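Just so it is clear, the structure is predicted and the values come from calculations on it, not from any experiment.
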Amino acid sequence: MEIVLAEHAGFCFGVKRAVDTVARSLSSGKKIYTYGPIVHNESVVAELSEKGVNVLNSKEDLLDLIRDPDVKKEECAVVIRAHGVPRSITEILSESGIECIDATCPFVKRIHRIVEKAGTEGKHVIIIGDKKHPEVEGIVGWCLGKCTVFETPEEVLEFEPEKGEKLCIVSQTTYNFNKFQYIVDIFRKKGYNDSVVNTICNATEERQQAAQDLAKKADVMIVIGGRHSSNTKKLYDICKGECEQTYFIQTLDDLHLDLPKANRLVGITAGASTPNKLIEEVQNYVRINF
Ligand code: F3S
């Protein structure tokens with residue numbers, strides 16, 4: 001039986017980089033905090049917490065830390081996760097004396113720079129994405145002037161910018177490409193095509209495409225990821241569409257396979273928040289037991 005791991009399974013480049021940054025920063029001897037959970041995976045966060053990494057869940061948590069008279073600021077460091085943060089958070093940190101270790105994904109950082117520059121040029125920044133997502137909140141926080149977030153084409157249809165206003169349109173990195181194009185077309189039809197920057201990251205698309213390619217050939221597919229992870233659910237649906245015997249598991253304990261000998265190829269893929277360690281455990285388990 002052949003066991004094949006899909007390309008691009010698990011952490012994307014930006015998340016891996018952020019998790020590695022936290023691991024490296026532990027050797028500094030400082031007390032390490034992350035601004036928000038470094039990745040949406042409880043076991044990764046729990047493992048880091050055992051190593052002494054604390055999570056600051058909000059600006060208030062950060063301010064409480066700064067105001068705490070018992071905390072020696074020079075002995076602390078806060079890691080900014082891949083989603084990035086508003087400029088105000090980095091300013092609070094730099095004034096506090098606490099070291100700021102910026103693990104913002106370079107693709108997200110690029111958006112910060114684009115919107116910042118657009119602001120200095122007097123442009124109205126339009127962000128296409130989920131208003132409540134931390135990445136979008138971060139991008140909003142780098143806009144210097146006018147900025148509006150749209151989640152759906154319907155909202156854009158109702159939008160009437162001021163006459164003569166110049167726009168700069170960007171998107172959240174994980175936004176759907178076709179939907180973004182559709183929205184850009186609505187702006188064009190309204191007569192606005194000044195500056196559109198496709199800031200969508202293709203990590204999600206690559207992961208889905210690789211999973212689909214593998215599922216087409218596989219007799220059995222195993223999809224690893226969190227129960228509430230929407231990108232894992234999507235991966236499962238894609239694989240199930242190509243391979244009837246597709247299993248969704250959160251941990252190795254969920255894997256109760258009874259594979260007939262006729263199965264030749266077992267494919268494995270994993271959602272964006274699934275750590276490598278777990279992927280390897282599943283691979284080894286299948287290798288040893290079947
Ligand atoms: Fe990941 Fe960075 Fe893309 S965090 S999804 S590689 S924008």
Is E242 paired with K217 through a side-chain N to carboxylate O contact shorter than 4.0 Å? no
Applying the 4.5 Å side-chain criterion to the ILVMFWY set and letting contacts propagate, would I279 and V220 be lumped into a single cluster? yes
Is P153 close to V156 at the side-chain level, that is, under 4.5 Å between some pair of heavy atoms? no
Does R87 reach the side chain of E116, with side-chain heavy atoms less than 4.5 Å apart? yes
Holding to salt bridge (Lys or Arg N to Asp or Glu O under 4.0 Å), I want the full list of residues that pass it with K277, two or more places apart in sequence or in another chain. E47
For E91, I'd like to know if atom CD has over 12 heavy atoms of other residues, nucleotides or ligands within 6.0 Å. yes
Are the side chains of N57 and P37 in contact, using a 4.5 Å heavy-atom criterion? yes
With sequence neighbours excluded, residues passing salt bridge (Lys or Arg N to Asp or Glu O under 4.0 Å) with E160: K190
OG1-CD1 distance between T274 and I268, expressed to the nearest 0.5 angstrom: 12.0 Å
Kindly indicate, with the supporting measurements, whether the criterion side-chain contact (heavy atoms from CB on, under 4.5 Å) is fulfilled by V22 and T34. CA-CA 8 Å; V22 175; T34 61; 3.9 Å; yes
Sort and list the pairs that fulfil ring pair (Phe, Tyr, Trp, His ring centres under 6.0 Å) and have at least one residue in residues 91-140, not counting sequence neighbours. F13-F107, H83-H133, H112-W142, H124-F159
Greater than 12 external heavy atoms within 6.0 Å of E158's CD: no
Side chains of V223 and Y247 in contact at under 4.5 Å (non-hydrogen atoms): no
Of the non-hydrogen atoms in I183 and T152, which two are nearest, and what is the gap between them? CD1-C, 4.1 Å
Can a donor-acceptor pair be found, under 3.5 Å and without considering hydrogens, that links the side chain of T104 to the backbone of K109? no
Taking C-beta and beyond as the side chain, do E165 and K146 meet within less than 4.5 Å on heavy atoms? yes
Specify the closest pair of heavy atoms between C239 and T269, including all atoms of both residues, with the distance to one decimal. SG-CG2, 4.2 Å
Of all the heavy-atom pairs spanning G129 and Q172, show the shortest one and how long it is. CA-OE1, 3.3 Å
Can you name the salt bridge (Lys or Arg N to Asp or Glu O under 4.0 Å) partners of D20, sequence neighbours left out? K16
For Q208 and K234, run side-chain contact (heavy atoms from CB on, under 4.5 Å): C-alpha distance rounded to whole Å, both residues' side-chain angles, the deciding distance at 0.1 Å, then the answer. CA-CA 8 Å; Q208 291 175 356; K234 183 92 207 289; 3.4 Å; yes
How close do C12 and A203 get, counting heavy atoms only, and between which atoms? CB-CB, 3.9 Å
From CG (L93) to CG (L62), nearest 0.5 Å: 5.0 Å
Quick one: pull up CG in L56 and OG in S58 and give me the separation to the nearest 0.5 Å. 8.0 Å
Spell out, as yes or no, whether a donor-acceptor pair under 3.5 Å connects the side chain of K73 to the backbone of I66. yes
So for atom CD, which belongs to E205, do other residues, nucleotides or ligands contribute more than 12 heavy atoms lying within a distance under 6.0 Å? no
I98 vs C100, side-chain contact (heavy atoms from CB on, under 4.5 Å): CA-CA, chis, key distance, verdict: CA-CA 6 Å; I98 294 177; C100 173; over 6 Å; no
Let me check something: do V196 and L167 share a hydrophobic cluster, defined by ILVMFWY side-chain heavy atoms less than 4.5 Å apart, either directly or through other members? yes
Determine whether I92 and V78 fall in the same hydrophobic cluster, where Ile, Leu, Val, Met, Phe, Trp and Tyr are linked whenever their side-chain heavy atoms lie under 4.5 Å apart. yes
Tell me, do E121 and K117 make a side-chain contact under 4.5 Å, heavy atoms counted? yes
Distance, nearest 0.5 Å, that separates CD1 of I139 from SG of C147: 9.0 Å
Ignoring hydrogens and angles, state whether a donor on the side chain of E280 or N276 is under 3.5 Å from an acceptor on the partner side chain. no
Across all chains, not counting sequence neighbours, the salt bridge (Lys or Arg N to Asp or Glu O under 4.0 Å) partners of K30 are E99
Ring pair (Phe, Tyr, Trp, His ring centres under 6.0 Å): which pairs involve residues 25-59, sequence neighbours left out? none
Nearest 0.5 Å, please: how far is CZ in F150 from CZ in F187? 5.0 Å
Check A82 against A18 and note the closest heavy-atom contact, atom names and distance. N-CB, 4.0 Å
Can you tell if the side chain of V266 reaches within under 4.5 Å of the side chain of D219, non-hydrogen atoms only? no
Electrostatic pair R67:E60 at N-O distance under 4.0 angstrom: no
Shortest non-hydrogen contact between Q283 and L5, atoms and distance: NE2-CB, 3.8 Å
Step by step, would you call E151 with K131 a side-chain contact (heavy atoms from CB on, under 4.5 Å)? CA-CA 7 Å; E151 287 187 30; K131 289 185 182 86; 3.3 Å; yes
If two hydrophobic side chains count as joined below 4.5 Å and joins carry through other members, does L48 share a cluster with V79? yes
Would you say the side chain of Q250 lies within less than 4.5 Å of the side chain of I224, judging by non-hydrogen atoms? no
In terms of hydrophobic clustering (I, L, V, M, F, W, Y; side-chain heavy atoms under 4.5 Å; direct or indirect links), are I127 and L157 co-clustered? no
Report the distance from atom OG1 of T21 to atom CG of D102, rounding to the nearest 0.5 Å. 9.0 Å
